Amino acid sequence: MTRLELVTEAVRAVLEEVARDAPEVLDELVTAEWAQRYGRPVRLCSQPSRPVARLEQVGDDARELLGRLDARFPSGAPAQAKVLRTILVQHFLVDAKGRFRPRTKRDGRPPSRIQIESPYETEARWCRRGDTRWTGYLVHVTETCDDKRINVITDVATVVSSADSQALPGIHARLRRRRLLPDRHLVDGGYTSVAGMDAAAHLHLVTLIGPLPPSTTPQHRAGDGFGRENFVIDFDQREVTCPNGQVSGNWQDLPVAEPTKVTVRFDARQCGRCPERAKCTPGPFRSLYFPTRRLHELQTKNRADQQDADWRRLYGRRSGAEGTIEEFAGSHRGRRCRYRGLAKTQYREV
């Protein structure tokens with residue numbers, strides 16, 4: 001739904017609920033214009049006329065409707081009215097001049113993980129994986145991949161929009177309760193992070209196997225210049241040596257309860273006289289960010305293992321899970337759900 005469709009349909013949903021349970025509230029409120037705007041389910045063309053003006057009008061209608069409901073139900077508004085109020089907060093604001101108006105990009109909008117996308121399915125969220133976009137949930141499937149045994153599905157998790165790596169702790173906790181934890185867990189790149197690998201090993205004694213995401217430094221993306229791997233990190237002395245021999249002792253652990261990252265900065269005096277500064281940084285100095293020692297060693301080992309033929313052969317076993325996911329999505333219509341709510345959707349997926 002577009003923002004205009006969402007707010008309009010949310011108002012219509014409240015009107016339908018109130019017309020059924022307390023029709024007297026709508027006396028003298030629902031005019032012919034209201035009937036034209038909210039009399040049928042909202043379906044707009046891709047480029048509706050006057051979208052901003054229409055959105056402002058719907059917002060004013062929503063405020064007037066909620067005002068009447070607050071007066072009629074002082075102890076608690078109907079369920080759809082609460083949803084409408086949340087949608088208004090997410091898409092409208094009262095500015096410094098006291099005007100009630102739609103939010104703009106400059107005003108800021110809520111992140112997709114909390115933004116309501118449908119007045120009838122308030123738990124569903126906007127999701128994106130690659131070029132695929134949808135409103136709904138994510139399903140994570142865990143399957144055995146033994147060579148000499150029948151492979152079985154050991155866990156199905158239906159979650160709201162989030163990074164795939166955030167689903168792993170819950171998956172491992174459920175497998176542990178069922179006594180089905182594997183020694184090695186093969187996952188795709190969306191589930192891997194060096195912190196997740198470390199947590200799986202320490203909390204569940206599970207070796208997480210999957211490709212770590214590559215470095216995202218500008219030098220690595222351009223395929224030219226000095227990346228982090230070209231610097232020598234000495235954790236004992238808490239210093240870093242650059243490719244041209246300059247040593248930085250400006251070492252800082254990020255201020256968190258248990259530091260997971262370190263920042264080191266070479267100052268402008270060191271970088272200013274370097275003949276290869278253009279290959280290192282576009283600015284007057286270079287800063288490096290890297291994990292703490294244990295995580296850094298784990299990250300280095302994983303990236304080295306990815307180049308080994310035995311690691312690739314082992315990771316190739318995971319390809320069977322892709323067939324299971326394709327069967328789930330195609331043969332069992334896993335991309336469509338007839339139910340509303342996360343709990344019922346989870347039951348259906350299982």
Side-chain angles (χ1 to χ4, degrees), residues 127-132 134 136-216 220 229 291 294-336 345-350:
C127 305
R128 176 178 178 177
R129 287 297 182 271
D131 295 330
T132 304
W134 72 97
Y137 304 99
L138 295 168
V139 179
H140 304 274
V141 180
T142 305
E143 182 185 33
T144 61
C145 56
D146 296 325
D147 289 334
K148 299 181 180 179
R149 297 180 181 179
I150 297 176
N151 295 331
V152 295
I153 295 174
T154 56
D155 186 75
V156 177
T158 306
V159 300
V160 296
S161 177
S162 62
D164 290 340
S165 58
Q166 295 179 7
L168 272 179
I171 293 172
H172 287 159
R174 288 189 296 274
L175 292 177
R176 185 172 186 171
R177 288 198 302 268
R178 300 168 188 152
R179 299 182 180 180
L180 295 174
L181 267 178
D183 294 330
R184 296 179 296 189
H185 193 173
L186 311 181
V187 297
D188 72 19
Y191 294 85
T192 56
S193 68
V194 64
M197 290 179 169
D198 183 66
H202 281 78
L203 296 177
H204 302 289
L205 302 179
V206 173
T207 301
L208 202 62
I209 299 176
L212 281 174
S215 174
T216 57
H220 189 274
E229 63 276 6
R294 186 179 75 247
L295 300 183
H296 177 74
E297 291 174 350
L298 179 62
Q299 183 183 67
T300 302
K301 180 180 181 302
N302 179 273
R303 287 178 173 165
D305 289 344
Q306 291 178 39
Q307 310 306 316
D308 185 72
D310 291 337
W311 186 94
R312 295 181 180 181
R313 192 177 302 110
L314 171 63
Y315 187 68
R317 294 184 181 181
R318 191 197 154 273
S319 60
E322 295 294 341
T324 301
I325 294 172
E326 181 62 29
E327 181 180 357
F328 170 78
S331 301
H332 300 283
R333 299 181 180 180
R335 300 192 189 279
R336 301 289 180 182
T345 302
Q346 165 70 9
Y347 180 77
R348 184 259 183 187
E349 307 300 355
V350 172

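Atoms considered below: every heavy atom in the structure, side chains included; atoms not considered: hydrogens, waters and symmetry mates. This structure is a prediction, so every number in the text was calculated from the model and none was measured.
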Review point. Which atoms form the tightest heavy-atom contact between Gly136 and Cys127, and what is the distance?
Key: O-SG, 4.0 Å

**Study point:** Pairs meeting criterion salt bridge (Lys or Arg N to Asp or Glu O under 4.0 Å) with involvement of residues 160-174, two or more places apart
**Key:** Arg129-Asp164, Asp155-Arg174

Study note, to complete from the structure: CZ (Arg312) and CG (Asp305) are apart, to the nearest 0.5 Å, by 11.5 Å

Review point. Are any side-chain N or O atoms of Thr192 and backbone N or O atoms of Gly189, one a donor and one an acceptor, separated by less than 3.5 Å?
Key: yes

Practice item. Check Tyr315 against Asp188 and note the closest heavy-atom contact, atom names and distance. Key: OH-CA, 3.2 Å

**Study point:** Heavy-atom check, side chain of Leu175 versus side chain of Pro182, under 4.5 Å
**Key:** yes

Point to revise | Minimum side-chain heavy-atom gap Val156-Phe328 below 4.5 Å | key: no

**Study point:** Heavy-atom neighbours of Arg149 CZ exceed 12 at 6.0 Å
**Key:** no

Point to revise | Step-by-step ring pair (Phe, Tyr, Trp, His ring centres under 6.0 Å) determination, His185 to Tyr191 | key: CA-CA 11 Å; His185 193 173; Tyr191 294 85; 7.8 Å; no

Exercise for review: Hey, could you give me the OG1/CG distance between Thr144 and Leu180, rounded to the nearest 0.5 Å?
Suggested key: 9.5 Å

Point to revise | Separation between CG of Asn302 and CG of Leu212, rounded to the nearest 0.5 Å | key: 4.0 Å

**Study point:** NE2-CD1 distance between His140 and Ile171, expressed to the nearest 0.5 angstrom
**Key:** 6.0 Å

Revision key, fill the gap. Residues Tyr137 and Thr158: closest non-hydrogen pair is CB-CG2, 3.8 Å

Exercise for review: Using atom types as modelled and distance alone, determine if a side-chain donor or acceptor of Arg128 lies under 3.5 Å from a backbone N or O of Gly130.
Suggested key: yes

Study note, to complete from the structure: Scanning both residues in full, the closest heavy-atom pair of Thr324 with Glu143 reads OG1-OE1, 2.8 Å

Review point. Atom CG of Leu208 and atom CZ of Arg184: how far apart are they, to the nearest 0.5 Å?
Key: 12.5 Å

Check your understanding: Got a sec: does the CG of Asp146 have more than 12 other heavy atoms crowding it under 6.0 Å?
Key -> yes

**Study point:** Considering all heavy atoms, the nearest His172-Ala200 contact
**Key:** CE1-CB, 3.8 Å

Practice item. Please check if the side chain of Arg318 supplies one atom and the backbone of Ile209 the other of a donor-acceptor pair under 3.5 Å. Key: no

Exercise for review: Assess whether atom CD of Gln306 is packed by more than 12 heavy atoms of other residues, nucleotides or ligands within 6.0 Å.
Suggested key: yes

Exercise for review: Output the distance between atom CG (Leu295) and atom OG1 (Thr300), rounded to the nearest 0.5 Å.
Suggested key: 10.5 Å

Point to revise | Chi angles and distances behind the side-chain contact (heavy atoms from CB on, under 4.5 Å) call for Leu181, Val206 | key: CA-CA 7 Å; Leu181 267 178; Val206 173; 3.7 Å; yes

Practice item. Decide yes or no on side-chain contact (heavy atoms from CB on, under 4.5 Å) for Arg294 and His202, but give the supporting numbers first. Key: CA-CA 12 Å; Arg294 186 179 75 247; His202 281 78; 3.8 Å; yes

